Amino acid sequence: MQIKLLFSKNVFLAVKPFSALKESFREGYGKQKLIKDIIAGLTVGVIAIPLSMALAIASGVPPQHGLYTAIVAGIVIALTGGSRFNISGPTAAFVVILYPVTQQFGLSGLLMATLLSGIILVIMALSRLGRLIEYIPLPVTLGFTCGIGITIGTLQIKDFLGLDIAQMPPHYIEKVQTILTALPTISWADTAVGVVTLFVLTQWHKLRLPVPGHLPAVIIGTLMALALGQFGFSVETIGTAFHYTLADGTTGNGIPNVLPELALPWNIPNAQGEIIKWNFDKIQDLLPAAFSMAVLGAIESLLCAVILDNMTDTKHRSNNELLAQGLGNIVSPFLGGITATAAIARSAANVKSGAVSPISSVVHALLVLFALLFFANALSYLPLSSMAALLLMVAWHMANVPEIIRLARRSTHNEIAVLFTCLILTVLFDMVIAISVGVLLASLLFIRTIAEMTKAIEQPAPEDLNDVLAYRISGPLFFAAADKLFADLHDKTVHTDHEIKHIVLQCDAVTVLDTGGIHALTHFVQHMLPHQQIYLCNMQFQPLRMLVKSNSVPELQKINYGTDLQDVFNKIREFEQANP
């Protein structure tokens, strides 16, 4: 009982919420730092308002739920997290997971999946799995993020071109076929607005203004849509595409200018006004998506924190950040928020704008709340094609083509194979399959590469010892390398043109010996005895410890040991003098 309590205490001591906020205040937090956080928060908030709505629409839910996510998760995760600069909210990476859930279960199912993912993230934090992100190879990360970017970009073609598509099919190939079939229904007015918005987004940085390009781009797109409307051209907007009904029966177009209402996720009706009867089977159906959300949320938030650490020369606390991400995704669904995690682009903008603490994320969330309450009517005029243009830019940055080209130029064929395997699996299936297969494939290829590095190099023996073969083993003697190496040694010994009585293995370059290596060595000794004597010398600590632990094996007890080659050769001379 005492051991259990001690274990529980250590687990909870290892995960401390509010750590980033406490560290920021401990270093001294005054008026100047507050002003820096306010400026950074306002800058990021300007970016977050249109993006949050666009990501909610891409996930299959009304745009206000993206704003709710930025508000609730932006505050909860920032205050309780382990990274000072992470800005959390809806992100593009989740779209490929959230959209199918919304199609199958509606808003209620998406909120339930978000709640489950939050619980999984808390469990991951308490299990101290935050450091495991370091074991995902770069080709795997680049592969699945590029695959997500391709999928997101494909999904935006419908709104960007104003295509008449009632519902997107679930599989990628079918999506492409549906888009190609619907091309004759293109709306040139929507396309023109989308193209202008995209042009402003790509060219705005050339003006070198302190204002991010997201807001000017959607404002110009909105003004163009209004102008086209004066000439009789219809452009789909948030106001024409989305409608809402409040608890008091009030209805309207676009997004409601009210605070998010507290509601139980499992009691929210679907589009037909029906409440899903949640049971174990339906929860089980949601678990794969919830697990995918949790894994992706963990990867993206911790990768974001690492990037920000490099930008600011600070250090985040990975398990604390996972706990905060879990808490944010548990709280958010009760206030209408969808799945959230740290957004790399918004977080980087936060740092570049001068943020010094999690307060900047709180300011960003308050600005989103202010826009929701006082500018909801104006936000309803935003064209869907402008929202799609924003996400096309996000998709391009996620695809990270320049980094993939750099990796391809400097990497091996193995790494390129892993990257494109993850990319294709992400596009055609899902992210969890892509990461699982990618990590497994990368591990197997790495094991093969290491195994090929293990060699046995023949060493010269003294002229008076012509019945001795000496080899220097270089590399780890583990399961993937040991069998082949000792088989080769056996063949070389058998096929010599003179009798061999002594085999010397110099092991100064053997850093690792595992049970597979012990097994292979045991078989080698069995084949060589009693005709040859086996000697090991220059043993490092880990291999020697493994041999000592395995000393009960009869074959290993017959091995002779020496400090170095000269010591072994002297022992061989003594043996031959004693046994002429």
Side-chain angles (χ1 to χ4, degrees), residues 3 7 127-129 131-137 140 412 414-415 418 435-459 468-495 500-565 567-568 571-572:
I3 293 174
F7 174 77
S127 302
R128 290 183 279 188
L129 299 180
R131 296 294 299 276
L132 290 183
I133 186 68
E134 298 174 4
Y135 298 103
I136 298 179
V140 174
T412 63
N414 289 347
E415 291 177 309
V418 170
I435 292 177
S436 303
V437 172
V439 170
L440 178 61
L441 180 60
S443 302
L444 292 175
L445 292 174
F446 177 76
I447 289 170
R448 188 183 72 175
T449 301
I450 296 299
E452 291 172 349
M453 293 171 61
T454 303
K455 306 289 183 183
I457 304 168
E458 189 170 352
Q459 302 294 299
V468 174
L469 271 181
Y471 292 94
R472 181 175 185 263
I473 300 177
S474 175
L477 274 177
F478 69 120
F479 66 93
D483 281 330
K484 183 178 183 304
L485 181 134
F486 284 116
D488 290 344
L489 286 179
H490 176 264
D491 291 342
K492 290 177 182 178
T493 305
V494 171
H495 294 100
I500 300 299
K501 294 182 179 179
H502 306 278
I503 300 173
V504 182
L505 303 180
Q506 185 182 12
C507 301
D508 61 316
V510 177
T511 54
V512 174
L513 177 66
D514 69 352
T515 52
I518 292 288
H519 181 74
L521 177 60
T522 302
H523 277 274
F524 178 70
V525 174
Q526 279 180 340
H527 284 102
M528 296 296 103
L529 292 176
H531 306 292
Q532 288 92 14
Q533 294 291 318
I534 310 298
Y535 298 83
L536 299 181
C537 65
N538 297 100
M539 298 294 294
Q540 293 198 37
F541 176 74
Q542 192 277 338
L544 187 60
R545 185 178 65 176
M546 282 294 296
L547 285 168
V548 171
K549 290 173 66 176
S550 306
N551 198 41
S552 58
V553 179
E555 288 78 9
L556 298 185
Q557 292 176 353
K558 298 174 183 177
I559 294 176
N560 304 289
Y561 294 92
T563 54
D564 53 30
L565 275 179
D567 181 45
V568 170
K571 287 182 178 181
I572 292 173

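These numbers were taken from a predicted model, which means no experiment stands behind them.
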If we only count heavy atoms from C-beta on, is the [X] to [Y] side-chain gap below 4.5 Å?
| X | Y | answer |
| --- | --- | --- |
| Met528 | Val525 | no |
| Phe479 | Ile447 | yes |
| Asp567 | Tyr535 | no |
| Thr412 | Thr449 | no |
| Thr493 | Ile503 | yes |
| Ile518 | Lys549 | no |

To the nearest 0.5 Å, what is the distance between [atom1] on [X] and [atom2] on [Y]?
| X | Y | atom1 | atom2 | answer |
| --- | --- | --- | --- | --- |
| Ile534 | Gln526 | CD1 | CD | 12.0 Å |
| Ile572 | Leu565 | CD1 | CG | 9.0 Å |
| Glu555 | His527 | CD | NE2 | 11.0 Å |
| Leu529 | Phe524 | CG | CZ | 9.5 Å |
| Leu544 | Tyr561 | CG | OH | 7.5 Å |
| Ile500 | Leu469 | CD1 | CG | 3.5 Å |

Sorted by chain and residue number, the side-chain hydrogen bond (donor to acceptor under 3.5 Å, both in side chains) partners of His519 (sequence neighbours excluded) come out as His523
Those residues at least two apart in sequence (or on a different chain) that pass side-chain hydrogen bond (donor to acceptor under 3.5 Å, both in side chains) with Asn560 are Gln533
For residues [X] and [Y], report the shortest heavy-atom separation together with the two atoms involved.
| X | Y | value |
| --- | --- | --- |
| Gly516 | Ala482 | O-CB, 4.2 Å |
| Cys507 | Met539 | CB-SD, 3.5 Å |
| Ala451 | Ala480 | CB-O, 3.6 Å |
| Phe486 | Ala520 | CD1-CB, 3.7 Å |
| Lys571 | Gly562 | NZ-CA, 4.0 Å |

Is there a donor-acceptor pair under 3.5 Å between the side chain of [X] and the backbone N or O of [Y]?
| X | Y | result |
| --- | --- | --- |
| Gln459 | Ile457 | yes |
| Gln540 | Asp508 | yes |
| Thr454 | Pro476 | yes |
| Gln542 | Leu513 | yes |

Quiz prompt | Pair Leu505-Val510, side-chain contact (heavy atoms from CB on, under 4.5 Å): steps then yes or no | solution = CA-CA 10 Å; Leu505 303 180; Val510 177; over 6 Å; no
Only one of Leu477, Ile559, Val553 passes side-chain contact (heavy atoms from CB on, under 4.5 Å) with Leu521, and that residue is Ile559
Point to revise | Under-4.0 Å salt bridge between Asp488 and Lys492 | key: no
